[in-house]
Amino acid sequence: MDFSEFSAIEDKLKKELDTARYRHTLGVAHTAVCLAMKYGYDINKAYLTGLLHDCAKAYKSKEQVSLAEKFGLEVSEAEKAHPQILHAKTGAYIAKNTYGIKDEDVLNAIRYHTTGKPGMNLLEKIIYVADYIEPNRTVMSRLDVIRKTAFEDLDAALLMILEDTVSYLNTKSPDNVDEMTEKTYEYYLKERT
Ligand code: FE
Ligand code: FE
């Protein structure tokens, strides 16, 4: 797949997503390409994954559980309580079945883009980080530092994002932290120290 073939996907996403989400989608795709250039990854695959990472966001939070059940995907209690995290799982399904993506790396990077997972591969890291630092993101504390770090030391940026995500979710309510996010944070914290 090359850039000319992405037009059809872009057109479809533009129709399905709201303006802000579509802008974010392009932001992630372009940022993922930049990170792929820096760290030596296939730029077309990075762009494609960035484009599709939020494809299930066309469905509202409330619809995510029934959508997942319809697709025959397992839904945990935590996911039932916080259905917004399900869009990663339903997104991987839609990418495969609606957009015809067969590449497991692409599908996994979509699948884990909200929670991360221990032992992420390069594409998974690129998408996870790009999702957080893309230009349309509302500026949070030290986002400028994280953006700079992402192009110097990807794992360091990854850990900073996990740290900020866990502490942000904790301030809202401790049970807001998904188990997988927690596991990912602990994994990367241990790896760095
Ligand atoms: Fe997302
Ligand atoms: Fe996103």
Can a donor-acceptor pair be found, under 3.5 Å and without considering hydrogens, that links the side chain of [X] to the backbone of [Y]?
X: Asp178; Y: Thr115; answer: no
X: Ser66; Y: Glu63; answer: yes
X: Glu124; Y: Asn121; answer: yes

State plainly whether one hydrophobic cluster holds both [X] and [Y], where clusters connect Ile, Leu, Val, Met, Phe, Trp and Tyr through side-chain heavy atoms under 4.5 angstrom apart.
X: Tyr132; Y: Leu52; result: yes
X: Leu86; Y: Tyr59; result: no
X: Tyr188; Y: Val129; result: yes
X: Tyr112; Y: Leu51; result: no
X: Val33; Y: Ile9; result: yes

Where is the tightest heavy-atom contact between [X] and [Y], given as atom of each residue plus distance?
X: Ser141; Y: Asp164; value: O-OD2, 4.0 Å
X: Arg23; Y: Asn136; value: O-ND2, 3.1 Å
X: Ala36; Y: Asp42; value: CB-O, 4.3 Å
X: Val65; Y: Glu79; value: CG2-O, 4.4 Å
X: Tyr99; Y: Cys55; value: CE1-CB, 4.2 Å
X: Thr90; Y: Ala56; value: OG1-CB, 3.3 Å

Practice item. Identify the residue among Lys15, Arg21, Lys14 that makes a side-chain contact (heavy atoms from CB on, under 4.5 Å) with Leu17. Key: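 It is Arg21; the other options fail the test.
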**Study point:** Of Val166, Leu162, Thr165, the residue whose pairing with Thr184 passes side-chain contact (heavy atoms from CB on, under 4.5 Å)
**Key:**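 Checked Val166, Leu162, Thr165 against Thr184; only one passes side-chain contact (heavy atoms from CB on, under 4.5 Å): Leu162.
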Check your understanding: Are Lys183 and Tyr187 close enough, and set up right, to give a side-chain contact (heavy atoms from CB on, under 4.5 Å), and what steps lead you there?
Key -> CA-CA 6 Å; Lys183 266 191 213 159; Tyr187 177 93; over 6 Å; no
**Study point:** N-O pairing of Asp131 and Arg137 below 4.0 Å
**Key:**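 Looking at Arg137 together with Asp131, the answer is yes, because their closest N to O distance falls below 4.0 Å.
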Practice item. Please determine if Glu163 and Arg142 form a salt bridge, counting it only when a charged side-chain N lies under 4.0 Å from a carboxylate O. Key: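 Salt bridge flag = yes for Arg142 with Glu163.
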**Study point:** From Met140 atom CE to Ile146 atom CD1, the distance as rounded to the nearest 0.5 Å
**Key:**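 Answer rounded to 0.5 Å: 8.0 Å.
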Exercise for review: Please round to the nearest 0.5 Å and tell me the distance separating atom CG of Leu123 and atom CG of Leu35.
Suggested key: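 Going from the CG atom of Leu123 to the CG atom of Leu35 covers 10.5 Å.
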Check your understanding: Is there a side-chain contact (heavy atoms from CB on, under 4.5 Å) between Leu159 and Tyr185 once you walk through the steps?
Key -> CA-CA 7 Å; Leu159 184 59; Tyr185 173 56; 4.0 Å; yes
Check your understanding: Going by the angle between their ring planes, with limits at 30° and 60°, are Phe71 and Tyr93 parallel, tilted or perpendicular?
Key ->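 Phe71 vs Tyr93 ring planes: parallel.
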Review point. Gln64 and His87: side-chain donor and acceptor closer than 3.5 Å?
Key: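 The criterion, which ignores hydrogens and geometry beyond distance, is not satisfied for His87 and Gln64.
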Review point. Would a 4.5 Å heavy-atom cut-off, applied to side chains only, mark Met120 and Leu158 as touching?
Key: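 Yes; the side chains approach each other to less than 4.5 Å.
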Check your understanding: Would you say the side chain of Asp144 lies within less than 4.5 Å of the side chain of Val139, judging by non-hydrogen atoms?
Key ->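 Not in contact.
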Review point. Taking everything shown except Lys57 itself, do over 12 heavy atoms lie less than 6.0 Å from its NZ?
Key: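 Counting neighbours around NZ of Lys57, more than 12 heavy atoms of other residues, nucleotides or ligands fall under 6.0 Å, so yes.
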Review point. Do other residues, nucleotides or ligands put more than 12 heavy atoms under 6.0 Å from the CD atom of Glu74?
Key: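 Open: at most 12 neighbouring heavy atoms sit under 6.0 Å from CD of Glu74.
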Exercise for review: Only counting residues at least two apart or in another chain, list the ones meeting side-chain contact (heavy atoms from CB on, under 4.5 Å) with Ser61.
Suggested key: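 side-chain contact (heavy atoms from CB on, under 4.5 Å) check on Ser61 returns Pro83, Gln84.
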Practice item. Applying salt bridge (charged side-chain N to carboxylate O under 4.0 Å, His left out) between Lys125 and each of Asp105, Asp153, Asp155, report the one that passes. Key: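 Exactly one option meets the salt bridge (charged side-chain N to carboxylate O under 4.0 Å, His left out) with Lys125, and it is Asp155.
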Exercise for review: Mind running side-chain contact (heavy atoms from CB on, under 4.5 Å) on His113 and Val28 for me, showing each step along the way?
Suggested key: CA-CA 11 Å; His113 86 266; Val28 173; over 6 Å; no
Point to revise | Working for side-chain contact (heavy atoms from CB on, under 4.5 Å), residues Arg111 and Lys89 | key: CA-CA 5 Å; Arg111 168 80 180 73; Lys89 236 185 215 181; 3.2 Å; yes
Exercise for review: Could you go through the side-chain hydrogen bond (donor to acceptor under 3.5 Å, both in side chains) check for His24 and Glu134 one step at a time?
Suggested key: CA-CA 7 Å; His24 163 70; Glu134 67 91 10; 2.8 Å; yes
